[in-house]
**Q** 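This is the structure I have questions about; it appears just below.
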Amino acid sequence: MFADPLNKGRVMATIGFGAGVRRGLRLVGAALVLVPMGSPAVAAKFAWVDSTRVWLAGVSGVAGNITPGSEVMMPRSIGLHRLDGWEHNDKPVRFASYGAPLDPASAVSRRIATTTIFAVDSVAAGSLKSVDVGSDRVATAVQVCVNNNRIKGVRLWARRVRSDGSLDPAETSDEYKRTNCASNGWKARLSCGSGKAIQGLRFHSFDGHSYSGIGIACASIR
């Protein structure tokens, strides 16, 4: 795991590709850690997601293989709100997903690495880009910008969890994009249905050593 100066104790899982996958990867084990965090302004009522999580058909971006360590599942009491992406030699090789408790009374945010991590020898300095819809919201849709079969931008849409545990109909969004994300590079938006939020992420790889697309699983908030 690497140091993240932006991390406020809510990193969910980190995944990545080695710069030379075909020459071998260094596999880093995953662990469950409890990390203190600030008080999230989420809902007055305890909310969680239904145990039934459904993967949507299709992918935003370019479909490819789902390699070991490239699938993230959120705990039922955690809502996704932020994705960080890093590059190595112009290739998107690492993503970290962040979440905050849906229950504001929770004193800790669980840091979960349910996926393995493929470590790279180096990640380009200054390559970190982040999309963050706010820890008081849960992500409900994603859209990816692609150039040369590589992820060059990510958009997240989100809704606030209301006091009764339902999702506010008003939608907000945030995005990051790199300089080589063209306006016509944005691919199909994947959206969860009414009352549902993103609870799973699959990072696709078209070429086997960089990320090309994102798939999502959705579940109901209640």
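Atoms considered below: every heavy atom in the structure, side chains included; atoms not considered: hydrogens, waters and symmetry mates.
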**Q** Give a yes or no on whether the backbone of Ala170 and the side-chain of Asp168 come within a donor-acceptor separation of less than 3.5 Å.
**A**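 Yes, the answer is positive, given that a donor and an acceptor are paired below the 3.5 Å cut-off.
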**Q** Nearest 0.5 Å please: distance from the OG atom of Ser210 over to the NE2 atom of His88.
**A**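 So the gap between those two atoms works out to 11.5 Å.
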**Q** Could you tell me which non-hydrogen atom of Ala141 sits nearest to which non-hydrogen atom of Arg189, and how far apart they are?
**A**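 For Ala141 and Arg189, the tightest heavy-atom pair comes out as CB-NE, 3.6 Å.
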**Q** When rounded to the nearest 0.5 angstrom, what distance separates CG in Asn184 from SG in Cys145?
**A**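 Between Asn184 CG and Cys145 SG, I get 8.0 Å after rounding to 0.5 Å.
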**Q** Can a donor-acceptor pair be found, under 3.5 Å and without considering hydrogens, that links the side chain of His204 to the backbone of Ala63?
**A**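 No, His204 side chain to Ala63 backbone: no donor-acceptor pair under 3.5 Å.
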**Q** Can a donor-acceptor pair be found, under 3.5 Å and without considering hydrogens, that links the side chain of Gln143 to the backbone of Ala188?
**A**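 No: the side chain of Gln143 does not pair with the backbone of Ala188.
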**Q** With the 4.5 Å side-chain cut-off for hydrophobic clustering, are Phe95 and Leu156 part of the same group?
**A**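 Yes, Phe95 connects to Leu156 through the hydrophobic network.
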**Q** Any side-chain heavy atom of Asp90 within less than 4.5 Å of one from Lys152?
**A**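 The answer is yes; the side chains approach within 4.5 Å.
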**Q** Does Trp157 share a hydrophobic cluster with Val54, counting links as ILVMFWY side-chain heavy atoms below 4.5 Å and allowing steps through other members?
**A**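 Trp157 does not cluster with Val54.
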**Q** Going by the rule side-chain hydrogen bond (donor to acceptor under 3.5 Å, both in side chains), which residues pair with Thr172 if we only count those two or more places apart in sequence or in a different chain?
**A**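 If we apply the side-chain hydrogen bond (donor to acceptor under 3.5 Å, both in side chains) test to Thr172, skipping adjacent residues, the hits are Arg137.
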**Q** I need the minimum non-hydrogen distance between Ile216 and Cys192, along with the two atoms involved.
**A**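 Minimum heavy-atom separation between Ile216 and Cys192: CD1-SG, 4.1 Å.
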**Q** Roughly how far, to the nearest 0.5 Å, is the CZ atom of Arg76 from the CD1 atom of Ile221?
**A**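 Taking CD1 in Ile221 and CZ in Arg76, the distance rounds to 10.5 Å.
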**Q** At their closest point, which heavy atom of Ala219 faces which heavy atom of Thr52, and how far apart are they?
**A**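 Here Ala219 and Thr52 meet closest at CB-O, 3.5 Å.
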**Q** Report the residues that fulfil side-chain hydrogen bond (donor to acceptor under 3.5 Å, both in side chains) with Arg202, sequence neighbours left out, ordered by chain and then residue number.
**A**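 Only Glu71 meet the side-chain hydrogen bond (donor to acceptor under 3.5 Å, both in side chains) criterion with Arg202.
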**Q** Hey, any chance Phe203 and Val62 share a hydrophobic cluster, counting ILVMFWY side chains that come within less than 4.5 Å of each other, even indirectly?
**A**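 Cluster IDs for Phe203 and Val62 match.
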**Q** Of the options Arg159, His81, Arg160, which is the one that meets Val133 in a side chain to side chain contact (heavy atoms under 4.5 Å, CB included)?
**A**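 So the option named by the test is His81.
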**Q** When hydrophobic residues are tied together by side-chain contacts of less than 4.5 Å, even through go-betweens, does Val154 share a cluster with Val59?
**A**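 Looking at the clustering, Val59 is in a separate group from Val154.
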**Q** Please say which of Asp84, Asp132, Leu83 ends up in a side chain to side chain contact (heavy atoms under 4.5 Å, CB included) with Tyr98.
**A**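 Only one of Asp84, Asp132, Leu83 forms a side chain to side chain contact (heavy atoms under 4.5 Å, CB included) with Tyr98, namely Asp84.
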**Q** OG1 of Thr140 to NZ of Lys196: how many Å apart, nearest 0.5 Å?
**A**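 NZ of Lys196 is found 12.5 Å from OG1 of Thr140.
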**Q** Nearest heavy-atom pair of Arg53 and Pro75: which atoms, and what distance?
**A**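 Answer, listing the atom of Arg53 first, then Pro75: NH2-C, 3.9 Å.
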**Q** Under the rule for side-chain hydrogen bond (donor to acceptor under 3.5 Å, both in side chains), what residues qualify as partners of Ser166, not counting sequence neighbours?
**A**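 side-chain hydrogen bond (donor to acceptor under 3.5 Å, both in side chains) list for Ser166, sorted by chain: Arg162, Asp164.
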**Q** Check for a donor-acceptor pair, side chain of Ser60 on one end and backbone N or O of Leu190 on the other, with a separation under 3.5 Å.
**A**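 Between the backbone of Leu190 and the side chain of Ser60 there is no qualifying donor-acceptor contact (under 3.5 Å).
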**Q** Has the side chain of Ser212 got a donor or acceptor atom that lies under 3.5 Å from a matching backbone atom of Arg150?
**A**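 Such a contact is absent between Ser212 side chain and Arg150 backbone.
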**Q** Say whether, by atom type as modelled, one donor and one acceptor occur between the side chain of Asn147 and the main chain of Asn180 under 3.5 angstrom.
**A**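 Indeed, once roles are kept as given, a pair shorter than 3.5 Å links the two residues.
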**Q** First locate atom CD of Glu175, then atom SG of Cys181, and finally report the distance between them rounded to the nearest 0.5 Å.
**A**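 That separation rounds to 7.5 Å.
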**Q** In the single-linkage hydrophobic clustering (I, L, V, M, F, W, Y; side-chain heavy atoms under 4.5 Å), do Leu201 and Tyr176 co-cluster?
**A**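 Yes.
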**Q** Locate the shortest heavy-atom distance separating Ala197 from Val138; write the atom from each residue and the value.
**A**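 The pair with the smallest heavy-atom distance is CB-CG2, 3.9 Å.
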**Q** Closest approach of Tyr211 and Ser70, non-hydrogen atoms and distance?
**A**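 Looks like OH-OG, 3.5 Å.
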**Q** Do Glu87 and Arg178 pass the salt bridge (Lys or Arg N to Asp or Glu O under 4.0 Å) test, and can you show the C-alpha distance, the side-chain angles, and the key distance before you say yes or no?
**A** CA-CA 10 Å; Glu87 288 195 341; Arg178 302 188 185 276; 3.1 Å; yes
